[in-house]
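A, B, ... follow the sequence lines: proteins, then strands. Residue 1 opens every chain.
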Protein chains: 2
Amino acid sequence: MAHADNGRTRILDSAAAVLRQKGLAGAKLSEIAKGAGMLAPSIYHHFPSKDHLVEEVMMEGIYRNNRHIMSRVEGMGPGTSPMVRLRTAIVAHVDFLLTGDDYSSAVARIFDDLPEEMRKRVLAAYSSFDNYWRDLIVAAQADGTGSKALDATVVRKFLIAMLDSCSSWYRPGKLSPAQIAEQAADLLLFGFAAERP
Amino acid sequence: MAHADNGRTRILDSAAAVLRQKGLAGAKLSEIAKGAGMLAPSIYHHFPSKDHLVEEVMMEGIYRNNRHIMSRVEGMGPGTSPMVRLRTAIVAHVDFLLTGDDYSSAVARIFDDLPEEMRKRVLAAYSSFDNYWRDLIVAAQADGTGSKALDATVVRKFLIAMLDSCSSWYRPGKLSPAQIAEQAADLLLFGFAAERP
DNA sequence: GTCTATAATCAGATAGAC
DNA sequence: GTCTATCTGATTATAGAC
């Protein structure tokens, strides 16, 4: 929450919000600048190009999501079972997206559209996060509560795609973010559980 | 397979392939034209604008996917249980995406980036398909094999997001498209099943 | 650190020959 | 039905005043 209200931070916040909502090509510098209370050319005093700005939003989004989920999971104590840890991670991820972190939502939205070179760098930063999910899944398979019939990589890809999607279709109404998060965890974890009907 | 090799069809095929791979903004008319063996301005003899071309690709993608899944499910006969029908639909959807239909993959990739007005029209065309999934889910809940604790809309959204994602991360190798499809069905359907461990 | 020009670029679209 | 040449508009980026 160390939110210095300087120009640079305002630009990043605005860029995250616009990227989340409009996608990469749809996010015009003029609109980002407007959200930061300035005009487009002023951005260049803080960032050398649109690409640099976008990349910083991506890195920040990964960092925030990563930190949020890890702190929720690690806060449970060392004795917690893999399945409970996995559930906590799923709920934390959905909750974080839906309660409005623009940075992590922007990552989910535009990652596939990033230019080749940037995507490689962002992917590298993302890999520690990816490994974290993989470890949770593998740990559940190792202790016998997660199905070994399912491929850990496939489970991780499907899981993340499913969770990331919710920021694009969720609208407040019948169900709260917390309820969506619980349904996601139920749908995935009973499916991933080793004991089958 | 009525594949008339006329210019119009070649342009549509090329557009679907490029849109699938590069996204909406990344799909340049020059590249689409190149894939159709012509130069960019020639496209305008067949389509009044890029938007019209893109919209036609979207409509065709929805139609193809729709027809493919429905024919596989309806081919099972009227006595088939809702859960088995749902499994068939899931497998058919993943299989269709991964065995390379550019049109349906293009829909999954660029739908969120479409301009507002076009997205409304495409969504309207998509709704019959959406309803088809919803009916399958609701039928399984009604006969007691699908969990009533889960919201049918949430299940549908998560399910489609999960399935659609695979065309962006799947690479031939360890697992075949058919195996990915089976894993998706297992993960989702055991999670959706009413009887819980 | 932000502004008012303005340049440079690029992609969609048009005109008209063949 | 496709081409070459060109136009238009939008958007990123720069120059230089304040």
Answer whether the closest heavy-atom distance between the side chains of B/I160 and B/D130 falls below 4.5 Å.
-> yes
OP1 or OP2 of C/dC3 under 4.0 Å from side-chain N/O of A/H45 | no
Separation of A/K28 atom NZ from C/dT9 atom P, in whole Å?
-> 19 Å
Between B/A40 and A/P48, which is nearer to the 5' end of DNA chain D once each is assigned its nearest nucleotide?
-> B/A40
Report yes if the side chains of B/L97 and B/H93 come closer than 4.5 Å at any heavy-atom pair, otherwise no.
-> yes
Hey, does B/H46 have a side-chain heavy atom less than 4.5 Å from the side chain of B/R8?
-> yes
For B/S30, which contact category applies under a 4.0 Å heavy-atom criterion: base, sugar-phosphate, or nothing?
-> nothing
Could you check whether A/A25 gets within reach of a base, just the sugar-phosphate, or nothing at all, counting any heavy atom under 4.0 Å?
-> nothing
Atom pair distance, as rounded to whole Å: NZ in B/K34 and P in D/dT2 | 18 Å
OH of B/Y44 versus C1' of D/dT6: gap in Å, rounded?
-> 14 Å
Out of C/dT2, C/dT4, D/dT4, which has the shortest distance to the side chain of B/L39?
-> D/dT4
Report yes if the distance between the aromatic ring centroids of B/Y126 and B/W133 is under 6.0 Å, otherwise no.
-> no
How close or far is atom C1' of C/dT9 from atom CG of A/L29, stated in whole angstroms?
-> 14 Å
Rounded to the nearest Å, what distance is computed from the NZ atom of residue B/K22 to the P atom of nucleotide C/dA11?
-> 11 Å
Round to a whole Å and report the spacing from CD1 of A/I43 to C1' of D/dA13.
-> 11 Å
When rounded to whole Å, the CZ to P distance for the pair B/F47 and D/dG1 reads 12 Å
Rounded to the nearest angstrom, tell me the gap between atom NE2 in A/H46 and atom C1' in C/dT2.
-> 8 Å
Salt-bridged, B/D151 to A/K174, with N to O below 4.0 Å?
-> yes
Side-chain N or O of A/S42 closer than 4.0 Å to phosphate OP1/OP2 of C/dG1 = no
